[in-house]
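Heads up, the thing below is written out as structure tokens.
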Amino acid sequence: MALAVRISTLTVAVTAAALLAGCERPPVESVQRGYRGTGMQHIVNPRTLAEQIPLNQAPAGTPVADDSGPRAGQVFQNVKVLGHLSVAEFTRHMAAITQWVAPTEGCTYCHTDNLADDSKYQKVVSRRMIEMTQKVNAQWTQHVAATGVTCYTCHRGQPVPKEIWFKAEAQNKRADFIGNLDGQNQAKKVVGLTSLPYDPFSTFLKDDTQVRVYGTTALPTGTTTAGIKQAEKTYGLMMHMAGALGVNCTYCHNTNGFGSWDNAAPQRATAWYGIRLARDLNNGFMEGLTKTFPAHRLGPTGDVAKINCATCHQGAYKPIYGAQMAKDYVGLKGPAPAAAAAAAVATPVDAAASEPVATVATATK
């Protein structure tokens with residue numbers, strides 16, 4: 001009898017430990033972010049924060065270079081995007097991009113011995129990524145504000161960003177009696193180890209699908225036409241966003257009314273633009289590079305790597321905790337003005353030169 005009691009007690013203890021394994025041990029800290037009594041609090045685990053802070057530090061920058069003198073496009077060959085910069089500033093940009101993206105591999109990650117050569121897919125992709133960064137900084141200020149982004153925001157010193165996503169493979173049922181999981185019930189990390197659909201990204205960050213599913217009445221009255229499946233995908237996306245930013249639901253929402261904009265935090269509007277930003281970049285930039293990438297860079301269904309919230313944020317409510325990196329790189333703030341772009345491909349600086357400018361020097365972007 002005593003042995004049975006001990007075994008029973010041990011079983012209860014093990015079960016309790018297993019149930020509590022998913023909980024965070026105290027202490028945790030909270031910051032009130034809304035009216036008292038509304039539950040608008042930001043919960044912070046100081047141990048998690050201590051791990052995140054070193055990972056979200058901006059690298060040391062270099063002083064902005066002299067903007068005088070000839071343009072890079074006049075001196076170097078095949079400079080299609082940053083040719084409006086001065087030679088000195090162009091060189092500084094190239095050095096920074098190398099450190100942000102391929103510090104180990106160096107210039108040869110994108111270039112052959114002939115720096116103007118476009119034979120490496122990495123160079124073609126990097127040029128397009130510069131254009132993408134320019135668009136984000138110039139046209140998506142509703143999300144990135146004046147802080148902007150640089151290559152480092154996503155890459156963090158790695159040729160391939162750590163946080164990317166591919167379309168999920170269809171379930172291999174092998175036999176019909178196994179049943180159709182319908183893209184969920186797999187406890188994937190991307191949706192917080194829940195049973196929610198683990199590919200909300202194809203639905204919301206590639207396709208233009210309505211995210212909001214929260215009704216304003218107890219029963220369906222026409223205020224929302226979303227079904228349970230769409231609601232599950234929506235909550236899957238929300239779980240991803242919470243993990244990607246290291247926040248809880250109340251960072252954007254008042255839980256008294258998830259569908260209310262009046263009682264929501266300002267960050268909800270920023271997130272609304274962020275969803276559309278990711279969708280724009282995935283369709284306008286990444287999808288167009290599918291045939292440029294080699295097969296080993298594509299996903300299991302043959303699609304190209306794409307962007308979600310974690311690609312930039314990587315666990316921080318603001319990427320790199322809002323470090324002002326982009327302001328020091330004028331070439332990434334936006335596309336070259338028309339006049340500057342035209343001047344960058346004008347005649348050689350040395351009018352007496354008998355050779356075309358392409359043979360004077362070679363360069364990159």
Side-chain angles (χ1 to χ4, degrees), residues 58-59 61-62 64-65 67 71-73 79-101 110 123-156 161 164 205-206 208 266-267 269-289 292 304-314 316 318-345 363-365:
T62 55
V64 177
D67 189 50
R71 303 296 93 183
V79 183
K80 298 180 179 179
V81 180
L82 299 176
H84 63 293
L85 301 177
S86 69
V87 172
E89 185 60 21
F90 174 80
T91 304
R92 174 176 171 267
H93 271 62
M94 291 297 99
I97 291 173
T98 301
Q99 290 302 309
W100 294 338
V101 176
C110 290
K123 183 184 175 185
V124 178
V125 172
S126 67
R127 181 184 286 136
R128 191 65 176 139
M129 293 300 94
I130 291 173
E131 292 176 321
M132 183 178 75
T133 302
Q134 291 174 334
K135 181 173 184 179
V136 172
N137 290 333
Q139 299 183 25
W140 282 102
T141 54
Q142 305 98 325
H143 186 72
V144 302
T147 302
V149 297
T150 66
C151 313
Y152 185 79
T153 307
C154 296
H155 284 267
R156 310 292 175 96
I164 53 177
L205 302 186
K206 183 178 180 297
D208 187 3
Q267 285 77 6
T270 304
W272 188 92
Y273 284 109
I275 292 169
R276 284 144 185 84
L277 164 61
R279 189 183 296 157
D280 179 30
L281 301 186
N282 285 330
N283 290 306
F285 291 88
M286 301 310 303
E287 285 290 318
L289 290 168
T292 304
V304 72
K306 290 174 283 293
I307 296 164
N308 58 25
C309 308
T311 309
C312 288
H313 284 268
Q314 300 195 27
K318 288 184 179 181
I320 324 176
Y321 292 123
Q324 298 282 331
M325 289 182 63
K327 67 180 179 60
D328 295 326
Y329 295 91
V330 63
L332 302 180
K333 291 182 180 180
V345 294
T364 103
K365 303 297 186 289

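No experiment lies behind these values; they were computed from the predicted model shown.
Under the salt bridge (Lys or Arg N to Asp or Glu O under 4.0 Å) criterion, the residue pairs touching residues 90-99 are Glu89-Arg92, with sequence neighbours excluded.
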What side-chain donor-acceptor pairs closer than 3.5 Å can you find for residues 138-145, not counting sequence neighbours?
| unit_1 | atom_1 | unit_2 | atom_2 | d |
| --- | --- | --- | --- | --- |
| Trp140 | NE1 | Asp280 | OD2 | 3.0 |
| His143 | ND1 | Thr270 | O | 2.8 |
| His143 | ND1 | Gly274 | N | 3.3 |

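Every residue two or more places apart in sequence or in another chain that forms a side chain to side chain donor-acceptor pair (under 3.5 Å) with Thr311 is listed here: Asn308. In this structure, the side chain to side chain donor-acceptor pair (under 3.5 Å) partners of Asp67, at least two apart in sequence or on a different chain, are Arg71. Residues passing the side chain to side chain donor-acceptor pair (under 3.5 Å) test with Arg128 are Glu131, sequence neighbours excluded. Remark: Tyr321 pairs with Tyr317 by the ring-ring contact (aromatic ring centres under 6.0 Å, His included) rule, at least two apart or across chains. In terms of the side chain to side chain donor-acceptor pair (under 3.5 Å) criterion, residue partners of Thr147 (sequence neighbours excluded) are, by chain and number, Gln324. Checked against side-chain contact (heavy atoms from CB on, under 4.5 Å), Ala88 has the following partners two or more places apart in sequence or in another chain: Ala65, Ser86. Residues that satisfy the side-chain contact (heavy atoms from CB on, under 4.5 Å) test with Thr133, not counting sequence neighbours, are Asn137, Val149, Leu332. Qualifying ring-ring contact (aromatic ring centres under 6.0 Å, His included) partners for Tyr329, counting only residues two or more places apart in sequence or in other chains: His93, Trp100.
Of the possible donor and acceptor atoms, none in the side chain of Gln314 sits under 3.5 Å from a partner among the backbone N and O of Pro319. Using modelled atom types, no side-chain atom of Lys318 and backbone atom of Ala316 make a donor-acceptor pair closer than 3.5 Å.
Considering CG of Asn282 and CD1 of Ile164, their distance stands at 11.0 Å, rounded to 0.5 Å. Taking OG1 of Thr62 as the reference point, atom CD of Gln99 lies at 10.0 Å (rounded to 0.5 Å). The CZ atom of Arg279 lies 11.0 Å from the CG atom of Leu277; values are rounded to the nearest 0.5 Å.
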>> The test is side chain to side chain contact (heavy atoms under 4.5 Å, CB included); show your working for Thr153 and Met325 and say whether it passes.
In response: CA-CA 9 Å; Thr153 307; Met325 289 182 63; 5.5 Å; no
> For Leu82 and Gln134, what are the C-alpha separation, side-chain angles and deciding distance, and is it a side chain to side chain contact (heavy atoms under 4.5 Å, CB included)?
Replying inline: CA-CA 11 Å; Leu82 299 176; Gln134 291 174 334; 3.8 Å; yes
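Asn283 is not listed as a side-chain neighbour of Asp208, based on a closest heavy-atom distance of 4.5 Å or more.
Looking at every heavy atom in both residues, Lys123 comes nearest to Cys110 through CB-O, 3.3 Å. Shortest non-hydrogen contact noted between Ile307 and Met286 is CD1-CG, 4.3 Å. In this structure, Arg156 and His313 approach most closely via the heavy-atom pair NH2-O, 4.2 Å.
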